[in-house]
Participant: 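Below: one structure in structure tokens.
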Amino acid sequence: MTQATHTPTLSTAATFRALKCKECGEEYELKATHVCEFCFGPLEVAYDYSAIQRQVSRASIQAGPNSIWRYRPFLPVATDNPIDVGTGMTPLVQANRLARRLGLKKLYIKNDAVNMPTLSFKDRVVSVALTRARELGFTTVSCASTGNLANSTAAIAAHAGLDCCVFIPSDLEAGKVLGTLIYGPTVMAVQGNYDQVNRLCSEVANTHGWGFVNINLRPYYSEGSKTLGYEVAEQLGWELPDHVVAPLASGSLFTKIYKGFQEFVKVGLVDEKPVRFSGAQAEGCSPIAQAFREGRDFISPVKPNTIAKSIAIGNPADGVYAVDVAKKTNGNIESVNDTEIIEGIKLLAETEGIFTETAGGTTIAVLKKLVEAGKINPDETTVVYITGNGLKTQEALQGCINEPLTIEPKLDSFERALERSRTLDRLEWQQVLV
Ligand SMILES: *Cc1c(COP(=O)(O)O)cnc(C)c1O
Ligand SMILES: [Zn+2]
């Protein structure tokens, strides 16, 4: 069946009506702009929810494409032909072995380590941003990235035939750099941290008229993260979970999962229910966790120093809103150190067969910490968001995992190695000489 046969349920009536300041409520036209002219607050897309309600039902969503575009009336694009590279509808896996290990009963992993096309949740936000960029007439798209966003922007721009120039800190992991270059964009490796890259990009956005997905297109871009909320609700059988745990970089994804759940309640797709929101940061870059811990409603920027580079934003744009969501939902925001992050990566791999990157290791380690502190009830249906793929951050594991057993191509060499491996503690495998 082609997508076209479903189009009666995908009406062309646009459901998004304005950009609205999150601080003062001032409204703006639906252009490429992201800051309020009066109070400098961030702009967010506002919708006509009665129009959405008329367009969607559980059945219309289920009849839609097997991607984020099944939720199109909730997304800020007017076209009936969005850029659809199969992004979204990633597995929601019941994580029984990890649950048992931690002492939980109903634990799920939302596995965006296998999101299409570039194996991170960023494909969601970029699919929306580039669809909107095309509608607004941009021919060159760009971003300030901690790695995954550059992969995603370059790949989806290539698919859409848009020119692309991305900016990354020069010290990123090899997998993230190659995973961008392969799509043929211009790549600027900036000698500085993400926050410096971001500042430079704000200046370029003002002078070059490019569509920066996370700067002037940010209000549209960030809406893509709501699909992480919609999918979990749909995959749980049109029900909300009790507790979610997700990583925090700028804090956007965290607040948009919350918005997604609220919207599903608003239009009657799921029943209202309190959902607790807990956030994860790396200790080496934890300005949001620090603000939460100290009960502050402002963020003190930090200089990042952690292996979790993809979430290392020292001055997070949506940090205060993330603190607010955790507070008002009776959740928590915790941080873990680099050793715990590596243990988190290994724990998820060994119990569930999912290889995540450092951001996912951070999230699993925070999950463990929250359980040990009694901050997750074993009976709660808990969903953990795994947002990126481990093959992209292999450097982080150097010296932390076993080496293969090298043997001669002979049966007795194999038998001797097997014998030794069984008598040695697994951690000593790497020392075995056959
Ligand atoms: C960007 C990113 C995040 C967090 O994104 P924000 O919306 O900025 O908080 C989480 N995980 C991974 C793997 C990312 O690349
Ligand atoms: Zn304002």
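Values below: every heavy atom of this structure, side chains too, minus hydrogens, waters and symmetry copies. One-based numbering, in listed order, for ligands and for the atoms of each.
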Participant: Heavy-atom distance to atom 10 (C) of ligand 1: which of I311, N214, I257 wins?
Facilitator: I311
Participant: Suppose we call two aromatic rings close when their centres sit under 6.0 Å apart. Are F264 and Y230 close by that rule?
Facilitator: yes
Participant: Please round to the nearest 0.5 Å and tell me the distance separating atom CG of L367 and atom OG of S278.
Facilitator: 9.5 Å
Participant: Nearest 10°: the angle subtended at the Zn ion (ligand 2) by C21 SG and C36 SG?
Facilitator: 110°
Participant: Does L253 reach ligand 1 with a nitrogen or oxygen that is under 3.5 Å from one of the ligand's nitrogen or oxygen atoms?
Facilitator: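 L253 vs ligand 1: N/O contact under 3.5 Å present.
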Participant: Please determine whether any non-hydrogen atom of F121 lies less than 4.0 Å from an atom of ligand 1.
Facilitator: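 A heavy atom of F121 does come that close to ligand 1.
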Participant: Could you check whether F254 and Y385 have their ring centres less than 6.0 Å apart?
Facilitator: no
Participant: Side chain, backbone, both or neither: which part of S120 comes within less than 4.0 Å of ligand 1 when only heavy atoms are counted?
Facilitator: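 Under 4.0 Å from ligand 1, S120 contributes no heavy atoms.
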Participant: Please examine the side chains of K256 and R124, heavy atoms only from C-beta on, and report whether any two atoms are closer than 4.5 Å.
Facilitator: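 Not touching, per the 4.5 Å side-chain cut-off.
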Participant: Any side-chain heavy atom of Y28 sitting closer than 4.5 Å to one from C36?
Facilitator: yes
Participant: Under a 4.0 angstrom heavy-atom cut-off, which atoms of ligand 1 come close to E357?
Facilitator: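 Answer for ligand 1: 13 (C).
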Participant: Could you list the atoms of ligand 1 found under 4.0 angstrom from a heavy atom of P247?
Facilitator: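 In order of numbering, the contacting atoms are 10 (C), 11 (N).
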Participant: Counting only heavy atoms closer than 4.0 Å, does ligand 1 sit against the backbone of K122, its side chain, both, or neither?
Facilitator: side chain
Participant: Just to be sure I'm reading this right: ignoring hydrogens, which of T146, N151, N148 gets closest to atom 13 (C) of ligand 1? Compare them by their nearest heavy atoms.
Facilitator: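 Nearest option to atom 13 (C) of ligand 1, by heavy atoms: N148.
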Participant: Do D123 and S152 pair up side chain to side chain, a donor and an acceptor below 3.5 Å, judged on atom types alone?
Facilitator: yes
Participant: Give a yes/no verdict on a cation-pi contact between R296 and F298, requiring under 6.0 Å between NZ or CZ and the six-membered ring centre and an angle within 45° of the axis.
Facilitator: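 Satisfied, under 6.0 Å and within 45°.
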Participant: Please list the nearest protein heavy atom to atom 8 (O) of ligand 1 with its residue and the distance rounded to 0.1 Å.
Facilitator: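 I find the closest protein heavy atom is S250 OG, 2.6 Å.
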Participant: Between D195 and K303, is there a side-chain N and carboxylate O pair less than 4.0 Å apart?
Facilitator: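 No, no charged N to carboxylate O under 4.0 Å.
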Participant: Measure the distance from atom 12 (C) of ligand 1 to every protein heavy atom, then report the residue, atom name and distance (to 0.1 Å) of the closest one.
Facilitator: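 Going by distance alone, atom 12 (C) of ligand 1 is nearest to T387 OG1, 3.3 Å.
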Participant: Which of the numbered atoms in ligand 1 are below 4.0 angstrom from a heavy atom of A359?
Facilitator: 11 (N), 13 (C)
Participant: What protein heavy atom lies closest to atom 4 (C) of ligand 1? Include the residue and the distance to one decimal.
Facilitator: A249 CB, 3.5 Å
Participant: Is K106 reaching over with its side chain to a backbone N or O of P241, donor-acceptor style, under 3.5 angstrom?
Facilitator: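 Absent.
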